[in-house]
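The structure under discussion appears below in the form of C-alpha cells.
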Amino acid sequence: MSKELVTRAEDYSKWYNELVVKADLADHSAVRGCMVIKPYGYGIWENMQKHLDKMFKDTGHVNAYFPLLIPKSFFSKEASHVEGFAKECAVVTHYRLKNDEKGGIIVDEDAKLEEELIIRPTSETIIWNTYKSWIQSYRDLPLLVNQWANVVRWEMRTRLFLRTAEFLWQEGHTAHATAKEAVEETEKMLEVYANFTEEFLAIPVIRGVKTANERFAGALETYCIEALMQDGKALQCGTSHFLGQNFAKAFDVKFATKEGPLEYVWATSWGVSTRLMGALIMAHSDDNGLVLPPKIASTQVVIVPIYKGEEGLKKVSEVALDLVSKLKAKDISVKYDDRDNQRPGWKFAKYELKGIPVRVTLGERDLANGTIEVARRDNLSKETISVNGADNYIEILLNDIQNNLFNKALRRTSESTHVADSYDEFKKILSEKGGFVSAHWDGTTETEEKIKEETKATIRCIPLNNKSEEGKCIYSGKPSKQRVLFALAY
RNA sequence: CGGGGUGUAGCGUAGCCCGGUAUCGCGCCUGCUUUGGGAGCAGGAGGUCGUCAGUUCGAAUCUGGCCACCCCGACCA
C-alpha cells in the first residue's frame, strides 16, 4: 500500500531517511550536516521539551541560558574534556567581513579575534567558569540548573536527527557539597530520562553505566539509557554524568563547608537531544510511515469528512465540530481536515504517513446511523462506533494505543536480547539476529577494543542492578563477575 | 577525512557515451464533474540542467575546481 516509502526489509536505512523527509519532520539544509526541523517535527520536539521541562522543575531544577561562544582557553582547563571534544569544534576567528574588489564578501583580516572562540559542543567549561562566582558557601548548594540550547559538533558523517552537526538538546549542570549527593543526582536524572522515554515515547530502555572507554570526556562515571531499534541496533537515548571534582578543580570552584574549611564542589551533567526524535521514529514506525505514541504526537486525532456538495459538508461538519470541541475539552489535540482540494483516500494515506494515532472518518452515511468510523494507526484496524460517547471512547483508545506501542516495543526488545557464552556464539548472534547480546567481559579496555574491531559491536552498558554471576570473558577467557550488554549501535 | 556513487521544474525521471537551449509522470493553477482508501476530463503555468571556471561558433552533454546528499570505512550523542 505504501506508495511513498521503501520498506524496512528492503533497506532500513533508506526507509528511515525517506520517512523523516516525507513525513515532514525535517529537511537537509544548505549547510553540510545541518538540518531544518520542520513545523511538524518541531511540534513533536516541543512536546518532548514540555514534558521533560516539567519533570526537571518537579525535581527542583531551574532553567538558565549560557552563551553559545566559549573562549578557547576554557577548553584546555580540563584535560580529558579537551581531548574528547577538540577534534569536532567549530572555531570563530574573526568578527567582521568586508567587501573585496570584485564585489564579493571576504573575511576582514584586520578583525582577527585576540582569543579565538569555540562554538559550544557542550557547556561544562563556560558554566563552571560561571559557577565559580555563584558558589561560595554550602548554603549555595546544591545548584540545580538546566539549559535548553543548541550545540555544534563537527561530525564527519551525519544523518537527520541521529547525528547532525548542530543539534538541539538540554543540558543540566549541577553542583553539590558531597560526592554522595552528586551521584544521587546523576542517578535521579537518569531515572527521569528513563521514565520519560518509557512513558511518553513508549520506548523501553535499559538503564546502565558506560565502560571507562565509552565514558563522557571529563566524567568519573557515565550513566545511560539504551534502547533497541527495529533493525536490532542500539541507540543511546540519554546520558547522565557524575563529574566528580574534575571541573571544580579545573575552574577552582570551592565552597565553605558548615565547619569552615574550603572544599571543591561535586558536579553532574546530563542531557538528551533531538536524537530522541530518531529513536521515536525508529522504535514504532512501519512501512506505511510514521507511528507516533499519542502522548507525544502533536496532533492526536484527525477527523476526515466525506460528503457530497456544500450542503453535505455543512451537515457533516456540524457533527464533526461538535466532536472536536468535546475532544478539546478532554485536552485531546484534534484536527478537522475539511479541505476540499484533497479527497478522503489521499488524506487517509497522508495521515498514516505522518503517524497521527487516531483517524476519525465521518460521512453522510454515518449521519443517518449516528456513527463514526475510528481507525487506529498502530495496528491499522478500523471500527464503527456510535457518535454518542465517541469522545470517551477515543480517550480510552489513545491510552490503549500508547500502551500497545510500549508493550510491542518491550516484547521486541526482550525477544532481541540474547545470551552468549562463547565468542563464536556471540558473533553468530550478531550476524544473524542482531539485538543486545548479554555476555561476560573481563573488564579491560583492550578486550572491549578487540571485540569492537572484530565485530563492530560495542558495550552499550553495564545494566544497573545487574545480578552478579561468575563466568569467563567470551574473548579472553579471564574470570568475570557479571554480564554486560553488547550491540551494534547508532 | 579516505574510497565509491548521485545532483535536470516542488518531487521522481529521460536525454549525457556520440555537443545544436530539454522528455515523461506526479504535484501546482483555472473550469466542470467527483468525494466511504492516493479521482476524471479539458486548458495552463513552471527549468540560468547543483555551482564556478575551462574547451568550443555553440555545453545538460566534454574537462577541472568547489558545494550538497547517499553508501562503505575511521570518529562521535
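Small disclaimer: the values here were computed from a predicted structure and weren't measured. Every chain is numbered from 1 and lettered A, B, ... according to where its sequence line falls, protein lines coming before strand lines.
In this structure, A:K456 reaches the sugar-phosphate backbone alone: every heavy-atom distance under 4.0 Å involves primed, P, OP1 or OP2 atoms, never a base. Heavy atoms of A:R339 sit nowhere under 4.0 angstrom from any nucleic acid atom. Among the heavy atoms of the strands lying under 4.0 Å from A:E155 is at least one base atom, whether or not backbone atoms are also near. Within the nucleic acid shown, A:G33 comes within 4.0 Å of sugar-phosphate atoms alone, with no base atom in reach, counting heavy atoms only. Contact annotation for A:T164: base contact, defined as any heavy-atom pair under 4.0 Å involving a base atom. Counting non-hydrogen atoms under 4.0 angstrom, A:L235 reaches nothing in the nucleic acid. Residue-level contact check: A:D366 touches the bases, meaning some heavy atom is under 4.0 Å from a base atom. Among the protein residues, A:R32 comes within range of the sugar-phosphate backbone only, with heavy atoms under 4.0 Å from sugar or phosphate atoms but none that close to a base. Using a 4.0 Å heavy-atom criterion, one finds that A:Q342 contacts the sugar-phosphate atoms exclusively. Note on A:F167: a base of the nucleic acid sits closer than 4.0 angstrom, heavy atoms only.
Look at A:K308 and A:E364 and you find no salt bridge, because none of the NZ, NE, NH1 or NH2 atoms lies under 4.0 Å from a carboxylate O. Between A:E352 and A:R359 there is a salt bridge, since a side-chain N of the basic residue sits under 4.0 Å from a carboxylate O of the acidic one.
Across the interface with RNA chain B, nearest-nucleotide mapping of A:A165 and A:D11 shows A:D11 to be the residue nearer the 5′ end. When each of A:V31 and A:P305 is assigned the nucleotide of RNA chain B bearing its nearest heavy atom, the one mapping closer to the 5' terminus is A:P305.
Listed pair A:R343 / B:G38 fails the phosphate criterion, with no side-chain N or O lying under 4.0 Å from OP1 or OP2. Residue A:K87 has no polar side-chain atom (N or O) positioned under 4.0 Å from OP1 or OP2 of B:C75. Side-chain N/O atoms of A:N288 include none lying less than 4.0 angstrom from OP1 or OP2 on B:G37. Contact annotation: A:R159 does not reach the phosphate of B:C70 (side-chain N/O to OP1 or OP2, under 4.0 Å). A close approach under 4.0 Å does not occur between any side-chain nitrogen or oxygen of A:S13 and OP1 or OP2 of B:C70.
The base of B:G37 is paired with the side chain of A:E352 by a donor and an acceptor separated by under 3.5 Å. For A:K350 and B:G37, a side-chain-to-base donor-acceptor distance below 3.5 Å is absent, hydrogens and geometry of angles not being considered.
With a 3.5 Å ceiling on both atom-pair distances, the Watson-Crick or G-U wobble partner of B:G54 is B:C62. B:C24 and B:G12 make up a base pair, with Watson-Crick or G-U wobble contacts both under 3.5 Å. Remark: B:C17 base-pairs with no nucleotide; criterion is Watson-Crick or G-U wobble with both hydrogen-bond distances under 3.5 Å. Nucleotide B:G38: unpaired (no Watson-Crick or G-U wobble partner with both distances less than 3.5 Å). If you check B:C69 for Watson-Crick or wobble pairing at under 3.5 angstrom, you find it paired to B:G5. Base pairing of B:A45 is not made with any nucleotide, judged by Watson-Crick or G-U wobble geometry with both donor-acceptor distances under 3.5 Å.
A:H241 and A:Y223 have their aromatic ring centers separated by at least 6.0 angstrom. The aromatic ring centroids of A:H61 and A:W270 lie less than 6.0 Å from each other.
The minimum heavy-atom distance between A:S29 and A:V36, with the atom names listed, is CB-CG2, 3.9 Å.
Not a single donor-acceptor pair under 3.5 Å links the side chain of A:R377 to the backbone N or O of A:L353.
Checked against B:U35, B:C72, B:G36, the side chain of A:T361 finds its nearest nucleotide in B:G36.
Between A:F242 and A:W266, the ring planes lie parallel to each other; the angle is under 30°, not in the 30° to 60° tilted range.
A syn base is found at B:U21: its glycosidic angle is within 90° of 0.
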